[in-house]
Every structure is written in C-alpha cells, then in structure tokens.
Amino acid sequence: MNKTVDNWEPKIVAFLCNWCSYAGADLAGVSRLQYPPNLRVIRVPCSGRINPLYIVKALQQGVDGVLVSGCHPGDCHYISGNLVARRKFALLKNFLAYLGIEPERVQFSWVSASEGSRFAALIEKVVDEVKELGPAKKLVKKGL
Amino acid sequence: MNNIEIKLKDLVKDLFAGEKIDVLIGYENGSLPLRSRPCFVHSAGEVDRLVWNSYCTNNLAVYLPRIFQRQEHKKEETPPPRVGIIAKGCDARSVVGLLKENQVIKENIIVIGMPCSGMIDPAKVEAALDGAGPYSCQGEVDGSLEVTTSSGEKKRLKREEVTAEACLECSHPLAEGADLQIEGEPKEACDERYEKIREFEAKSTEERWQSFVKEISKCIRCYACRQACPNCYCKICFVDQTKPRWIGASDELSNVMIYHIGRIFHQAGRCVECDACVHACPMDIDLRLFTQKLVKDVKELFDYVPGLSVEELPPLWTFKQDDSQSFITEP
Ligand code: SF4
Ligand code: SF4
Ligand code: FES
C-alpha cells in the first residue's frame, strides 16, 4: 500500500445498498458526472445487512475511510432495514469517535437511485475530508 | 452472621423444603480476604455455606444461560432445572435482560432480591493500604472497614472510599421485580452519573485515542471480561469464529482493540453497568470508561435503560421514525 505523502490518494470503502445508493452511483456514472476515483464499492442488499464489524474490519485492513449509504428513511426495500440500521450506525459513529478515531473516517449517508448528483457530491465531500486527515494510522493492523 | 444472612438462609431452606428449586446460585466465603465467591447449593443441608456480605461482587446471572441451554435432542431427557438466584440490583437487571433474550425460562427461575448496600472493591482497599502487603479484614464497624496489615497494623478505611465504582454510581440497588425480597436497607440510588464519560468526551480526539491505546495495550486477551459478563453467552464468540475469521488470535494491538470494540458494542442496550468485566480483569483495565459510553448514548439517543422491564423491546431490535440522524453526512 503506497502511503508516501506526495502521491498519496485515500482509499475509501463504500458499502452501498443495492436498491438505492448503488443505483445512485450507477446513475452518476451513466450521467457522466465526475467524482473522485477513490472508492472501492461493496454492494450489499440493504444497509441493514451491514454488520458494524465490517466497518471496523475495513479500518483494520488499512482503508483511509469508510462510507455507508442506503435508501432514505421510508424508502428501504425491506421497509425498515435502514431504520434499524440507523440506530446501530448512530451508536457506532459516536463510539468510534469517542475512542479517538477521527469522525470523518466513518461516514453514513442516504442516497436514492435517482440522486446521481447527490452521490457525486457526497463522494467529493467524503474524499476531501479524508484527504484532509491524511493516511489512516489508527486501528490499522501492523505490518500492512 | 448478620441478620440478612439469617433471613436469606431461612428462606432458601424453605424453598428447598417446599421443593420449589433444584439449585440455588449464591455466594460463599472466598479464600482471600474481601472476596466471596459464587457457589451452587443443591439441598437444604448445604444452605449454611451461603454468605451475604460486602464482597459479593460477581454478577451471578452469568451462569443462567449455561444452566438452561439444552441441545435440541436432549431437551426431553434432561429437563431444565428450577433455579433460585440471589440477586443484587444489577444481577436482577441482568436476569430481566436474559429473560428478554430467551436465555432464561421464566417458570423455572426464582429471583431473591437482596437489599444491596454497595460492594467493596478489593483493588481500592489495596490501593489505600499502599502496598502494605497481605492483610486480613475484620469487617465493618460504623461505616468503616477494619483491616490488619501483615505488619500487624490496624487500619480503618472509610466505606465510601473503598466502595466499588459501579456501586457508587448504581441507579438501581434494589432488585425491583424480584420474586422474593429479603427486607433490609439498600443504599440510595445514585442519579449523578457519567461524569467521567463527559470528562473523557471533552478531551481532544488525540488524547482520547492515546488513553484507548494505553488501556488496551495492557490487555493480555484472557477473555475474563467476556466470561464474567452475563450478556456474553454466544456459543461461538466472534473472536473465536473462523468462518469468517474476524480478527487474528495474536496480541497485535489492532486485533485486541477490535476484540474490545466488538465485545463492548455487542453490549449496547444490554449492559447493566455491573462491572463484572472490570472486576474480572487481571490487568486493571478501565473497561468501564468504554462500556459506560454506550450505556449513556443508548439512554440519550433512545431513552432506554436496560434490565428494567421484560416487555420493553431492546433498543436495537426496534426503531422510531424520528430517531436522531444528525450523524448523517449531507453532501
Ligand atoms: S459489559 Fe461489563 S458492566 Fe456491562 S453487563 Fe457485561 S460485565 Fe456487566
Ligand atoms: S479481562 Fe482484561 S486482560 Fe482479560 S481480555 Fe478482558 S480486558 Fe483483556
Ligand atoms: S434496501 Fe436500501 S437500505 Fe434497505
């Protein structure tokens, strides 16, 4: 993993719900919207499918940021997956920040299938914030 | 023998005589000063082993899931026992949590609520004696604990100064909702809580990270904290799973940290702040600083306090349409 300062670009893992945010990302692409190429997308069936350990584990594997995005509240294809997940995410976000991990490293958002431009703007913002922080060092496994 | 202990023994003898229970989980004298240890009593004849004093720190609810677990095909041959359990406020709240999670059979349990006046923390006593070596304890006299050090010196330590942190901050000293109550004077409930958590929150991100690193670096991954916690009853803990293997088995710091983040996060909405994990830790790690953060957040975000009602849904099994989402990133 190249972490020298001059040519460093953050790696960001994005867990995207298949029905909304993943399609939103697709739309951004189809509409030829430009956004930074720092994402590694993992498609999940619903934001409710995300085990908080996925997020922690991604940080351990050396990603510089994690983005989780699902359908807007009320739009989840499984009715309430994102609403149950929202509670877990709120606690996790607070807890990781409490332990001293920069809050910008782990972000949550809602993006629908029709919000290609919202998706592009979101990525822009997340990448900028993570760039500002520099390469992740906390919680990263030694020897990576 | 104190008054409460006499009442307790009579009551337990009656329970055995009336064939109400097959086993009672309680405390007996430990082999070190200031320690009582959990014990299992199987008949009226054994009841005299029981003690009740200020050293009954363990959370006894930890034994319940294992007592009631049965392999599917053995359910008929070995019916679950009827269990009596001695419960401080925190143990009783753990029982409620376990009932909610279907780890305890309601018809098979009798909770005996004790008037808890707060337990003594041996670590605090040792600190107060300042390395004066092994000591013996003569018990409590007018609000002080009397101990004799190895050099024969007698010392009196103020009760509040050696009371366990969890007990000083305890919000529910009385086992409300217990099936039977032993009458007595419990300590007062404390409602001035989370001061340390707020102080920690106010520190800078870097300072907090350094404290987390410092605490977790001490950990030897003995898993005593997990074993002591009544909520940790998973047959295979995530740290032991191999498919997927969440974390390596080494003592590499990130692995240890993820163990703790995982374990503590799994307590969200379930932890009753009994500090069984803290007392079990051989390395004196301040786990309370981390477990209590989630308790505080669960209360503030979802207005939920664990272990008070069997009917109320646990906060992470449910949601509200208008739950806070101020943490969501808006582009
Ligand atoms: S995490 Fe610790 S304080 Fe909380 S219930 Fe478990 S043993 Fe008790
Ligand atoms: S009891 Fe203490 S040393 Fe053992 S695993 Fe838990 S925190 Fe680590
Ligand atoms: S289906 Fe998209 S969040 Fe549930």
Side-chain angles (χ1 to χ4, degrees), chain A residues 35 48 51-57 59-62 67-69 72-74 80-104 106-111 115 117-126 129 137-144, chain B residues 197 200-201 203-213 215-216 238-239 241 244-248 250 252-255 257-262 264-266 268-269 289-290 292-294 296-298 300-302 304 314-331:
Chain A
Y35 61 87
N51 182 333
L53 277 171
Y54 296 172
I55 296 167
V56 178
K57 186 75 189 163
L59 293 172
Q60 189 192 25
Q61 295 301 312
L67 170 68
V68 172
S69 183
H72 285 273
S80 56
N82 55 0
L83 295 174
V84 175
R86 183 167 65 180
R87 289 196 156 192
K88 280 188 277 186
F89 296 161
L91 291 174
L92 186 71
K93 174 110 186 170
N94 280 359
F95 191 52
L96 293 179
Y98 180 80
L99 300 179
I101 292 165
E102 306 87 346
E104 294 82 7
V106 181
Q107 309 215 25
F108 302 87
S109 196
W110 314 124
V111 174
E115 291 178 321
S117 54
R118 180 180 162 95
F119 184 81
L122 175 69
I123 303 314
E124 194 93 43
K125 175 167 181 178
V126 171
E129 286 180 355
K137 298 208 178 64
K138 297 169 180 174
L139 216 59
V140 179
K141 194 167 186 167
K142 262 193 225 106
L144 268 188
Chain B
I197 306 297
F200 195 75
E201 284 168 344
K203 293 186 182 172
S204 73
T205 304
E206 239 11 74
E207 271 178 294
R208 276 181 271 128
W209 176 253
Q210 288 314 325
S211 312
F212 183 52
V213 169
E215 286 305 312
I216 301 307
F238 78 98
V239 295
Q241 278 174 14
R245 182 184 279 294
W246 293 104
I247 51 171
S250 71
E252 191 274 327
L253 190 60
S254 74
N255 282 330
M257 284 177 162
I258 294 180
Y259 160 58
H260 285 284
I261 294 173
I264 294 169
F265 199 74
H266 286 169
L289 185 59
F290 309 117
Q292 228 188 4
K293 164 67 177 165
L294 278 164
K296 173 172 175 280
D297 279 0
V298 164
E300 287 176 357
L301 290 170
F302 313 128
Y304 180 90
L316 294 186
W317 295 14
T318 179
F319 60 88
K320 285 208 180 92
Q321 293 293 347
D322 59 352
D323 278 332
S324 152
Q325 56 168 4
S326 53
F327 68 97
I328 291 287
T329 304
E330 292 296 335

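Computation of the quantities below employed the complete heavy-atom set of this structure, encompassing side-chain atoms and omitting hydrogens, waters and symmetry-equivalent molecules.
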- Looking at CG of A:Leu53 and CD1 of B:Ile261, how far apart are the two atoms once the value is rounded to the nearest 0.5 Å?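 Rounded to the nearest 0.5 Å, the CG-CD1 separation comes out at 9.0 Å.
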- Message: Quick check for you: to the nearest 0.5 Å, what is the distance between B:Asp323 atom CG and A:Arg87 atom CZ?
- Response: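 Result: 4.0 Å between the selected atoms.
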Quick check on [X] against chain A: is it the side chain, the backbone, both or neither that has a heavy atom closer than 4.5 Å?
X        : value
B:Ile216 : neither
B:Gln210 : neither
B:Ser324 : backbone
B:Lys203 : neither
B:Pro244 : neither
B:Val213 : neither

- Residue pair B:Phe265 / A:Leu92, side-chain heavy-atom distance below 4.5 Å: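 Sidechains of A:Leu92 and B:Phe265: in contact.
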- Aromatic ring pairing A:Tyr98/B:Phe290, orientation class (parallel under 30°, perpendicular over 60°, tilted between):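 The arrangement is perpendicular - the two ring planes meet at more than 60°.
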- Query: Among A:Arg118, A:Lys57, A:Lys138, which has the most heavy-atom pairs under 4.5 Å with chain B?
  - Reply: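 The answer is A:Lys138.
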- Message: So which residue, A:Val84, A:Val56, A:Leu99, A:Ile101, ends up with the most heavy-atom pairs under 4.5 Å with chain B?
- Response: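 The candidate making the most pairs under 4.5 Å is A:Leu99.
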- Between B:Met257, B:Glu206, B:Glu252, the one whose heavy-atom pairs under 4.5 Å with chain A are most numerous: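 Highest number of heavy-atom pairs under 4.5 Å: B:Glu252.
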- Message: Please identify, among B:Glu201, B:Lys320, B:Glu207, the residue contributing the most non-hydrogen atom pairs under 4.5 Å to chain A.
- Response: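 Highest number of pairs under 4.5 Å: B:Lys320.
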- Establish, yes or no, whether a centroid distance under 6.0 Å links the rings of A:Phe89 and B:Phe327.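 No: the rings miss the under 6.0 Å criterion.
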- Query: Between A:Lys141, A:Gln60, A:Lys142, which is the residue that forms a side chain to side chain donor-acceptor pair (under 3.5 Å) with B:Ser254?
  - Reply: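 It is A:Gln60, the one option of A:Lys141, A:Gln60, A:Lys142 that forms the side chain to side chain donor-acceptor pair (under 3.5 Å) with B:Ser254.
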- Item | B:Leu294 vs A:Leu91, side chain to side chain contact (heavy atoms under 4.5 Å, CB included): CA-CA, chis, key distance, verdict | CA-CA 7 Å; B:Leu294 278 164; A:Leu91 291 174; 4.1 Å; yes
- Is the charged tip of A:Arg86 near the ring of B:Phe319: under 6.0 Å from the six-membered ring centre and within 45° of its axis?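 That pair does not qualify as a cation-pi contact.
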- Could you check B:Ile328 against A:Trp110 for side chain to side chain contact (heavy atoms under 4.5 Å, CB included), going step by step and ending with a plain yes or no? CA-CA 8 Å; B:Ile328 291 287; A:Trp110 314 124; 3.6 Å; yes
Of all the heavy-atom pairs spanning [X] and [Y], show the shortest one and how long it is.
X        : Y        : answer
A:Leu139 : B:Trp209 : N-CH2, 3.5 Å
A:Leu83  : B:Gln321 : CD1-OE1, 3.8 Å
A:Ala90  : B:Leu301 : CB-CD1, 4.1 Å

- Task: Evaluate side chain to side chain contact (heavy atoms under 4.5 Å, CB included) for A:Asn51 paired with B:Trp246, printing each intermediate quantity in order.
- Result: CA-CA 11 Å; A:Asn51 182 333; B:Trp246 293 104; 3.9 Å; yes
- Return yes if some donor-acceptor pair links the side-chain N/O of A:Lys125 with the main-chain N/O of B:Glu330 below 3.5 Å, else return no.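 Such a contact is found between A:Lys125 side chain and B:Glu330 backbone.
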- Side chain from CB out, backbone as N, CA, C, O: work out which of these in A:Leu96 comes under 4.5 Å of a heavy atom of chain B, or both, or neither.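 Only the side chain of A:Leu96 comes within 4.5 Å of chain B.
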- Determine, step by step, whether A:Glu104 and B:Thr329 satisfy the side chain to side chain contact (heavy atoms under 4.5 Å, CB included) criterion, reporting the C-alpha distance in whole Å, the side-chain angles of both residues, the deciding distance to 0.1 Å, and the verdict. CA-CA 9 Å; A:Glu104 294 82 7; B:Thr329 304; over 6 Å; no
